Amino acid sequence: MSFPLLTATAALPAIGAIATAAVPAARRTAAKWLALLFSLGTLVLAAVVFLRFEPGGDRYQLTESRAWIADFGVRYELGVDGIGMALLGLTALLIPFVIVAAWHDADPLETKSTRWRPTQGFFALILMVEAMVILSFVATDVFLFYILFEAMLIPMYFLIGGFGDRAHAGTDESAATQRSYAAVKFLLYNLAGGLIMLAAVIGLYVVAGSFSLSEIAEARANGSLEMATSTERWLFLGFFFAFAVKAPLWPLHTWLPNAMGEATAPVAVLITAIVDKVGTFAMLRFCLGLFPEASKWATPVVITLALISIVYGALLAVGQRDIKRLIAYASISHFGFIILGIFAMTSQGQSGATLYMVNHGISTAALLLVAGFLITRRGSRLIADYGGVQKVAPVLAGTFLIGGLATLSLPGLAPFVSEFLVLVGTFSAYPVAGIIATSGIVLAALYVLVLYQRTMTGPVQESVRSMPDLRARELAVAVPLIAVLIFLGVFPKPLTDVVNPAVEHTMSDVQKKDPQPEVEAAK
């Protein structure tokens, strides 16, 4: 039996979580280093998976299949395709930066309300989230995916509610109340989506007789699986609702600004750059893969919701006074672009959507983590409390600017490639939708540049006059992320080579071909 590489990649951070949690309470620094080492080990295994993956090979590679709950037809089945490979790599890449950026976020404080903070538990929860997310990207059994989809909510709930942002304008009691509200809202929204998905998962098993993606695809290919149109549509809606909550898509998005606002900056990165990608990834793998006809039936409505998300999220970002909530609403707008690319059902749109998931994760991590360093120094998330930072902390201001420029998809930085492909793919199939979506680019330039102008330029406020510049640990977070943004901005081929064959399989699932340009015949 070959070495179970995918299982090992997901198991290593889970083992690290247990080991980190078991470190004695007095040895907080040792727990941090242990968590970092396990995350780096996971990154090495992810690199091995990447090297073993053959873009032109089978759709699912490095497969594993073992009986799990035989009486219910549930198997432990894993396999990675190009889309899952890209997102697995994103997760393994970002977690070490999240851990380094959060190095002091769970250190005990002197105040009574936060003295209980267990540093070991904080980093153990981060590693547990990593394990579940990685496994969800390679799960090819629908029931196994559902278990992971729901289980990752538990560590995220405690990371939001138990380890909130210390830069809060209110009292300790009011801050704890708002953290609790954000955590409960996050949990309830996602649990509601998950329960509806559970009903659809059971319905799928009743119709198909299997939870295995490969068995369902084989049954569909040989004609032994017949699914009534109404049944397929109801099942599609059950899956899509859960993924739209997780993504998040308007109008199911309202939990995200609360969660990101109250969480620490590294945990906010965990939410929007990693966990939320499970929702958009699942739209490609499960909605389009399992319910192709229903996906085409729902396309006009989904595209409309995606366009609303793009414009609505960008408009609300322009009016924000809180730095982290501004980035949260910007992310809602970006997720609208991702979903638009998926349901445009063109190869350019879906390739762009997959690249967007990766590039948005890196650019948002860069911007949000540097914003977290800024907020930690000043002790406030309000934009009005800053001004003239570039004169006292030029490196901080410069990295913040590059992260912001990546967020608005400046040419030469990674998100530009993905946003361009999404818009090209959308224009070719739905020109009006493409035109409306371009307004999000203009609004993105507005909220990013206004944010930079109000915080970094102008007279130096007295409260930031003694603000230190980025330290070595913080530079170790910001500089590599910026380097990746530039590299993928000028040379995206390593990603596109992996993603494009998987997109071809998805296009085949829905039996769609790219629209051919209309060329007038020569007279």
Side-chain angles (χ1 to χ4, degrees), residues 83 86-87 189-190 193 197 236-256 271-292 294-314 328-361 364 409 415 418-430 432-441 443-444 499 503 506-507 509-510 512:
I83 298 170
L87 294 173
Y189 267 66
N190 284 275
M197 180 183 169
F236 166 85
L237 291 174
F239 277 80
F240 181 79
F241 182 84
F243 303 152
V245 172
K246 181 83 79 177
L249 177 68
W250 183 94
L252 305 171
H253 68 284
T254 59
W255 62 268
L256 182 65
I271 296 169
T272 191
I274 297 174
V275 172
D276 286 356
K277 298 303 189 301
V278 176
T280 47
F281 162 79
M283 290 180 187
L284 278 166
R285 172 166 286 187
F286 297 102
C287 287
L288 273 61
L290 294 173
F291 316 110
S295 297
K296 289 186 282 189
W297 162 76
T299 290
V301 174
V302 176
I303 286 180
T304 301
L305 296 178
L307 291 174
I308 295 174
S309 289
I310 292 170
V311 178
Y312 172 86
Y329 280 109
S331 292
I332 292 170
S333 181
H334 294 147
F335 276 105
F337 276 106
I338 294 170
I339 296 170
L340 179 66
I342 292 172
F343 280 86
M345 294 194 186
T346 61
S347 58
Q348 299 98 329
Q350 292 189 355
S351 293
T354 304
L355 293 179
Y356 214 129
M357 293 185 225
V358 176
N359 295 333
H360 169 263
T364 298
S409 300
S418 44
E419 194 165 282
F420 178 77
L421 285 173
V422 167
L423 290 174
V424 168
T426 303
F427 269 116
S428 64
Y430 303 97
V432 175
I435 293 170
I436 296 172
T438 55
S439 64
I441 301 175
L443 293 171
V499 166
V503 167
T506 305
M507 293 286 289
D509 287 340
V510 294
K512 295 282 285 186

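Starting from 1, each residue takes its place in the sequence as its number. This structure is a prediction, so every number in the text was calculated from the model and none was measured.
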Novice: Just grab all the salt bridge (Lys or Arg N to Asp or Glu O under 4.0 Å) pairs involving residues 337-354, residues at least two apart or on different chains.
Specialist: none
Novice: Can you tell me how far CD1 of I303 sits from CZ of F343, rounded to the nearest 0.5 angstrom?
Specialist: 9.0 Å
Novice: For Y430, check ring pair (Phe, Tyr, Trp, His ring centres under 6.0 Å) against everything at least two apart and list the hits.
Specialist: none
Novice: Would you name the heavy atoms of G434 and T426 that are closest together and state the gap between them?
Specialist: N-CG2, 3.6 Å
Novice: G336 and A306: which non-hydrogen atoms are nearest, and at how many Å?
Specialist: O-CB, 3.5 Å
Novice: Classify the ring geometry of Y356 against H334: parallel below 30°, tilted from 30° to 60°, perpendicular beyond 60°.
Specialist: tilted
Novice: Going by side chain to side chain contact (heavy atoms under 4.5 Å, CB included), name the residues that satisfy it together with A314, two or more places apart in sequence or in a different chain.
Specialist: S333, L443, Y447
Novice: Ring pair (Phe, Tyr, Trp, His ring centres under 6.0 Å) with F427: which residues, sequence neighbours excluded?
Specialist: none
Novice: How close do S418 and G352 get, heavy atom to heavy atom, and via which atoms?
Specialist: CB-O, 3.4 Å
Novice: Identify the residue among D276, V278, I338 that makes a side chain to side chain contact (heavy atoms under 4.5 Å, CB included) with M357.
Specialist: I338
Novice: If you define the side chain from C-beta out and look only at heavy atoms, does anything of M197 sit under 4.5 Å from F241?
Specialist: no
Novice: Is any side-chain heavy atom of S295 closer than 4.5 Å to a side-chain heavy atom of M345?
Specialist: yes
Novice: Of all residues at least two apart in sequence or in a different chain, which pass the side-chain hydrogen bond (donor to acceptor under 3.5 Å, both in side chains) check with S439?
Specialist: none
Novice: Looking at T346 and A429, what are the two nearest heavy atoms and their distance?
Specialist: CG2-CB, 3.9 Å
Novice: Do side-chain atoms of T280 reach the backbone of A247 as a donor and acceptor pair under 3.5 angstrom?
Specialist: no
Novice: Can you tell if the side chain of L288 reaches within under 4.5 Å of the side chain of M507, non-hydrogen atoms only?
Specialist: no
Novice: What distance separates I342 CD1 from T354 OG1, expressed to the nearest 0.5 Å?
Specialist: 7.0 Å
Novice: Show me the pairs that pass salt bridge (Lys or Arg N to Asp or Glu O under 4.0 Å) and involve residues 340-361, at least two apart or across chains.
Specialist: none
Novice: If you look at every heavy atom in I310 and G440, which pair is closest and at what distance?
Specialist: CG2-CA, 3.8 Å
Novice: Rounded to the nearest 0.5 Å, how far apart are OH of Y312 and CG of L305?
Specialist: 13.0 Å
Novice: Go through the structure and list residues passing side chain to side chain contact (heavy atoms under 4.5 Å, CB included) with Y189, not counting sequence neighbours.
Specialist: K185, V245, T254, W255
Novice: Within a strict 4.5 Å, meaning less than it, do heavy atoms of the I332 and W250 side chains meet?
Specialist: no
Novice: What distance do L256 atom CG and K246 atom NZ have between them, rounded to the nearest 0.5 Å?
Specialist: 12.0 Å
Novice: Applying ring pair (Phe, Tyr, Trp, His ring centres under 6.0 Å), name anything that partners Y329, two or more places apart in sequence or on another chain.
Specialist: none
Novice: To the nearest 0.5 Å, what is the distance between CG (L423) and CD (Q348)?
Specialist: 12.0 Å
Novice: Which distance, rounded to the nearest 0.5 Å, do you find between the CZ of F236 and the SG of C287?
Specialist: 5.0 Å
Novice: Residues two or more places apart in sequence or in another chain: which of them pass side-chain hydrogen bond (donor to acceptor under 3.5 Å, both in side chains) with S351?
Specialist: N500
Novice: Do I436 and V432 have side-chain heavy atoms sitting under 4.5 Å apart?
Specialist: yes
Novice: Please say which of V358, L355, N359 ends up in a side chain to side chain contact (heavy atoms under 4.5 Å, CB included) with P415.
Specialist: N359
Novice: Show me the pairs that pass salt bridge (Lys or Arg N to Asp or Glu O under 4.0 Å) and involve residues 296-313, at least two apart or across chains.
Specialist: E293-K296
Novice: Output all residues satisfying side-chain hydrogen bond (donor to acceptor under 3.5 Å, both in side chains) with S409, sequence neighbours left out; order by chain, then residue number.
Specialist: E419
Novice: Measuring only between side-chain heavy atoms, which start at C-beta, is L340 closer than 4.5 Å to F335?
Specialist: no
Novice: Once the angle between the rings of F286 and F243 is folded into 0 to 90°, is it parallel (under 30°), tilted (30 to 60°) or perpendicular (over 60°)?
Specialist: tilted
Novice: Quick one: list whatever passes side-chain hydrogen bond (donor to acceptor under 3.5 Å, both in side chains) with K277, sequence neighbours left out.
Specialist: H360
Novice: Taking the side chain as everything from C-beta on, heavy atoms only, tell me whether I83 gets closer than 4.5 Å to T506.
Specialist: yes
